[in-house]
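Only one structure is covered here, and it is reproduced in the block below.
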2 protein chains.
Amino acid sequence: MPGEKGAILATLKDLSRHLGLSVTQISRALNGHSDVNEATREKVLAAARQMRYQPNLSARKLATGRSGTVGLVIPAPSHAAGNPLFVQMVSGLSSNFSRLDVRFLLHIAEEHEDPVDVHRKLVDSAALDGFVVADLHVNDPCVQFLQRREIPFVVHGRTGEVVDYPYFDIDNYGVAYRLTSHLTALGHRRIAFLNGVDGRSYCAARTRGYIDALAQAGVRFDPNLHRNGQMRESVGLVETIRLMENPANRPTAFIAGNSLLAKGIYDALDALSLSIPGDVSVVAHDDLLPAPETAAMHPPLTVTEAALQDSWEPMARLLVGALDGQAVDKLQIIGEMRFVERSSTGPVQAG
Amino acid sequence: MPGEKGAILATLKDLSRHLGLSVTQISRALNGHSDVNEATREKVLAAARQMRYQPNLSARKLATGRSGTVGLVIPAPSHAAGNPLFVQMVSGLSSNFSRLDVRFLLHIAEEHEDPVDVHRKLVDSAALDGFVVADLHVNDPCVQFLQRREIPFVVHGRTGEVVDYPYFDIDNYGVAYRLTSHLTALGHRRIAFLNGVDGRSYCAARTRGYIDALAQAGVRFDPNLHRNGQMRESVGLVETIRLMENPANRPTAFIAGNSLLAKGIYDALDALSLSIPGDVSVVAHDDLLPAPETAAMHPPLTVTEAALQDSWEPMARLLVGALDGQAVDKLQIIGEMRFVERSSTGPVQAG
DNA sequence: GCGATTTTCCGAAGCGTTTCGGAAATCTGC
DNA sequence: GCAGATTTCCGAAACGCTTCGGAAAATCGC
């Protein structure tokens with residue numbers, strides 16, 4: 001490995017000396033400026049490759065104000081449960097950013113740290129150019145802070161139907177509306193909704209979709225049938241048991257916020273010896289997580305589906321768009337959602 | 001929030017103007033140098049706090065050569081399985097580094113990328129000061145590269161018994177030796193070992209411990225009884241079935257590389273209607289993962305235990321030690337291991 | 001072949017920090 | 001009060017990069 005250990009990193013000055021050109025011109029050649037001769041540009045590029053030149057990002061940051069690094073701040077508790085979504089998100093974002101030649105920094109905030117302070121420190125120390133914000137709250141303080149400081153960011157989800165920042169989101173309102181009206185069309189009136197974590201914005205949007213679809217069918221919203229919680233199998237199981245305990249007001253159909261909740265509902269109904277869709281209909285939104293596969297459940301589950309997996313590429317793209325100063329309205333994407341009717345839904349039973 | 005939006009970040013020059021001191025002196029006051037009056041130091045610190053001064057890390061990097069950021073490079077496939085260890089490691093490292101005021105950068109390498117190139121690019125672009133290396137191979141090329149370039153790093157595990165770089169490791173040789181000799185002492189001669197991933201250094205160390213302990217008891221090593229593979233429940237199950245299929249050479253005892261493998265062994269023996277420890281003894285090394293709990297298994301599992309959880313704090317500490325230029329021999333830690341005898345082991349059956 | 005463009009190049013300044021060498025101020029002991 | 005030691009401070013340079021304004025060289029029209 002000749003030259004590997006001693007020859008530290010080549011700088012512009014080295015290239016300049018080597019080629020007999022000014023540092024300025026080298027810089028402009030490398031960065032694709034227009035006022036440099038094609039012949040010399042190629043010479044420069046060749047030399048840069050040969051000398052393994054890598055621009056010093058700290059120096060560039062100092063000169064331009066941009067570090068080429070973005071970050072994601074996650075509060076410690078959220079992944080404590082070994083959340084599989086966490087892994088998927090982090091690796092999806094990391095690889096998509098590196099494909100765009102942007103470094104990705106993950107910061108796990110301690111329990112006691114204020115997330116806003118963490119963001120502040122990260123930008124003030126000139127470490128990060130922009131942020132990904134996930135697991136959005138209804139009035140998210142981090143979003144408010146980043147907006148106030150005019151720091152580029154992209155969110156996964158959004159805090160309302162119409163907002164003025166870049167985001168990638170699925171139509172959560174539409175998801176809930178679609179699933180609910182599928183059930184009302186089958187005659188269901190008592191439709192339980194095991195939604196997501198209270199206070200999250202996707203959850204609030206889905207609540208609105210659910211209520212509107214019910215109203216459309218002339219059904220009054222019954223708060224007792226709407227439950228919030230972690231989207232885990234165990235939660236689906238427990239809440240289903242609870243809801244079925246009350247004979248007076250038993251739901252005839254369930255909507256699950258995701259496939260894990262649906263799995264719990266299936267388990268609970270099985271334990272109660274209730275058949276799907278004979279006794280109870282079940283629908284869910286499916287993020288297409290590796291497991292469970294909703295098509296392979298018994299019976300196959302009727303779902304709206306939108307691959308969570310597909311959101312990381314747009315997320316990365318949107319953030320670099322924001323860094324490049326593109327207009328916000330070009331940086332808002334609503335992911336596609338498909339309704340897939342399978343055999344977990346049927347007309348409501350008489351009685 | 002007055003002054004939040006307009007007043008961008010305060011610099012040393014701002015403080016200098018504000019206090020009527022030179023930039024030099026401010027810098028030295030903040031960094032705890034000796035040649036600054038206590039009274040003025042306090043004035044400086046107060047002003048810095050009040051103006052929310054945050055040092056510009058890029059500028060500092062340029063001046064000192066250190067960025068205050070370390071990284072971990074993970075090849076994409078390793079976590080694809082939703083590996084729970086991955087989550088634990090990343091969050092453990094991230095929070096421990098941030099506690100030491102060091103930023104932690106996670107880089108997920110693409111399938112096609114050479115891990116060495118990734119490391120090279122990261123240091124040459126002046127992004128990172130040092131690295132954590134995990135999931136170590138026997139002759140790890142990343143370790144070799146980092147050593148050649150004299151870049152600080154700390155590894156989780158080690159490539160041999162005696163090495164000249166910082167590491168945190170458990171005594172893998174000792175673990176295997178202890179478990180094996182516990183079984184030989186009970187009279188077992190045909191002891192199967194479901195080890196870890198082939199080519200990993202912990203795996204090789206355990207193989208040596210196993211072989212030496214066998215030799216000590218006068219037992220010849222039988223390659224057929226030694227299996228490598230992912231440490232997953234399903235692997236434990238499959239390999240156990242395979243090993244028990246051959247009536248001529250059935251093992252009377254099993255050693256599992258971790259608790260997940262042990263779980264698979266339990267399941268397989270149960271399916272084969274074999275009792276533990278009546279028919280077969282089982283021992284394992286337990287990293288004290290959240291699940292499964294080896295004490296709660298039926299029967300409770302005899303293990304060597306060492307909490308993986310406890311390795312991230314030392315890892316972080318060791319790497320900053322290496323960054324600070326501490327001597328390598330002060331930066332090598334072997335984690336404590338406890339032998340816990342429970343009821344999954346018994347004397348070998350006659351016949 | 002001469003002035004006017006156009007193309008290609010360069011010097012110098014600046015980003016925010018640290019550090020080297022030395023200067024100014026304060027404190028000794030007498 | 002004065003030489004010398006000590007404490008406290010400062011100016012300037014440097015890290016590697018980008019960019020502004022202008023200079024040099026090539027090209028053009030005629």
Side-chain angles (χ1 to χ4, degrees), chain A residues 7-45 47-48 51-69 121 123-129 324, chain B residues 7-45 47-48 51-69 101 121 123-129 323-324:
Chain A
I8 316 298
L9 53 179
T11 75
L12 282 189
K13 210 192 291 182
D14 297 329
L15 283 178
S16 151
R17 233 188 326 256
H18 182 65
L19 293 170
L21 282 170
S22 76
V23 169
T24 302
Q25 205 58 358
I26 309 272
S27 168
R28 300 182 70 81
L30 257 21
N31 292 334
H33 286 233
S34 61
D35 61 349
V36 35
N37 189 317
E38 262 319 306
T40 71
R41 185 197 304 283
E42 270 166 32
K43 255 184 286 182
V44 171
L45 286 174
M51 297 176 73
R52 281 197 170 151
Y53 170 75
Q54 286 284 128
N56 181 319
L57 296 178
S58 295
R60 181 176 286 174
K61 159 76 191 174
L62 212 48
T64 65
R66 285 183 47 178
S67 67
T69 308
K121 202 182 281 186
V123 296
D124 283 351
S125 63
L128 296 185
D129 295 341
D324 290 345
Chain B
I8 316 297
L9 53 180
T11 74
L12 282 189
K13 208 192 289 180
D14 296 330
L15 283 178
S16 150
R17 233 186 328 258
H18 183 66
L19 293 170
L21 282 171
S22 78
V23 169
T24 302
Q25 205 58 358
I26 308 273
S27 169
R28 300 181 70 81
L30 255 23
N31 291 334
H33 285 233
S34 62
D35 62 349
V36 34
N37 189 316
E38 261 321 305
T40 72
R41 185 198 304 284
E42 271 167 30
K43 254 184 284 183
V44 171
L45 286 174
M51 297 176 74
R52 282 197 170 151
Y53 170 76
Q54 287 283 129
N56 182 319
L57 296 178
S58 294
R60 180 177 287 175
K61 159 77 190 173
L62 211 50
T64 64
R66 286 184 45 178
S67 65
T69 308
D101 215 32
K121 202 181 282 184
V123 296
D124 283 352
S125 62
L128 297 185
D129 294 342
L323 291 173
D324 290 345

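Below, all heavy atoms of this structure are taken into account, side chains as well, without hydrogens, waters or symmetry copies. On a predicted model such as this, the values are computed, not experimentally measured, just so you know. So you know, we letter chains A, B, ... as the sequences are listed, proteins then strands, and number each from 1.
When each of C:dC10, D:dG16, C:dG16 is scored by its nearest atom to the side-chain atoms of B:Ala59, the top-ranked nucleotide is C:dG16. Closest to the side chain of B:Arg28, out of C:dG16, D:dC17, C:dT19, is C:dT19. With distances taken from any side-chain atom of B:Ser22 to the nucleotides D:dG11, D:dT19, C:dC15, the minimum falls on D:dG11. For B:Gln25, the listed nucleotide lying nearest its side chain is D:dT8; candidates were D:dT8, C:dG14, C:dT18. For A:Lys13, whose side chain is taken as the heavy atoms from C-beta onward, the closest listed nucleotide among C:dT17, C:dC9, D:dC15 is D:dC15.
The distance between atom CZ of B:Arg66 and atom P of D:dA14, rounded to the nearest whole Å, is 23 Å. Across the protein-nucleic acid pair, B:Asn37 atom CG and C:dC27 atom P stand 10 Å apart, rounded to whole Å. Going from atom CG of B:Leu62 over to atom C1' of D:dT18 covers 13 Å, rounded to whole Å. Rounded to an integer number of Å, the gap from A:Ile26 CD1 to C:dT8 P is 16 Å. The distance between atom CG of B:Asn56 and atom P of D:dC17, rounded to the nearest whole Å, is 16 Å. Protein atom CG of B:Asn31 is 13 Å distant from nucleotide atom C1' of C:dG16, rounded to whole Å. A straight line from NZ of A:Lys61 to P of D:dT18 spans 14 Å, rounded to a whole angstrom. A straight line from CG of B:Leu21 to C1' of C:dA24 spans 14 Å, rounded to a whole angstrom.
The salt bridge (charged side-chain N to carboxylate O under 4.0 Å, His left out) pairs that include a residue from residues 15-27 of chain A are A:Asp14-A:Arg17, where partners are two or more places apart or lie in different chains.
Although no hydrogens or angles enter the test, the distance criterion places a donor-acceptor pair under 3.5 Å between the side chain of A:Asp129 and the main chain of A:Ser67. A:Gln25 places no side-chain N or O within donor-acceptor distance of the main-chain N or O of A:Arg41, the cut-off being under 3.5 Å. With hydrogens and angles ignored, the 3.5 Å screen pairs a side-chain donor or acceptor of B:Thr64 with a backbone N or O of B:Arg60. Side-chain atoms of B:Ser16 come within 3.5 Å of backbone N or O of B:Leu21 as a donor-acceptor pair.
With a cut-off of 3.5 Å on both pairing distances, the Watson-Crick and G-U wobble pairs of DNA chain C assemble into stems of 3 or more at C:1-30 with D:1-30.
Checking the phosphate oxygens (OP1, OP2) of C:dT19, no side-chain nitrogen or oxygen of B:Ser27 falls inside 4.0 Å.
Across all strands shown, B:Thr24 has heavy atoms under 4.0 Å from base atoms, whether or not it also approaches the sugar-phosphate. As judged by a 4.0 angstrom heavy-atom cut-off over every strand, B:Asp35 is placed among the base-contacting residues.
Contact check for B:Leu45 versus B:Leu30: side-chain heavy atoms found under the 4.5 Å cut-off. Proximity of B:Thr11 to B:Asn56: side-chain heavy atoms (C-beta onward) are nowhere separated by under 4.5 Å.
For B:His18, there are no side chain to side chain donor-acceptor pair (under 3.5 Å) partners, not counting sequence neighbours.
With the nearest nucleotide of DNA chain D identified for both A:Tyr53 and B:Gly20, B:Gly20 has the one nearer the 5' end. Each of A:Thr64 and B:Thr64 was assigned the nucleotide of DNA chain C with the nearest heavy atom; the assignment lying further toward the 5' end belongs to A:Thr64.
Not a single donor-acceptor contact under 3.5 angstrom links the side-chain atoms of A:Ser58 to the base of D:dG16.
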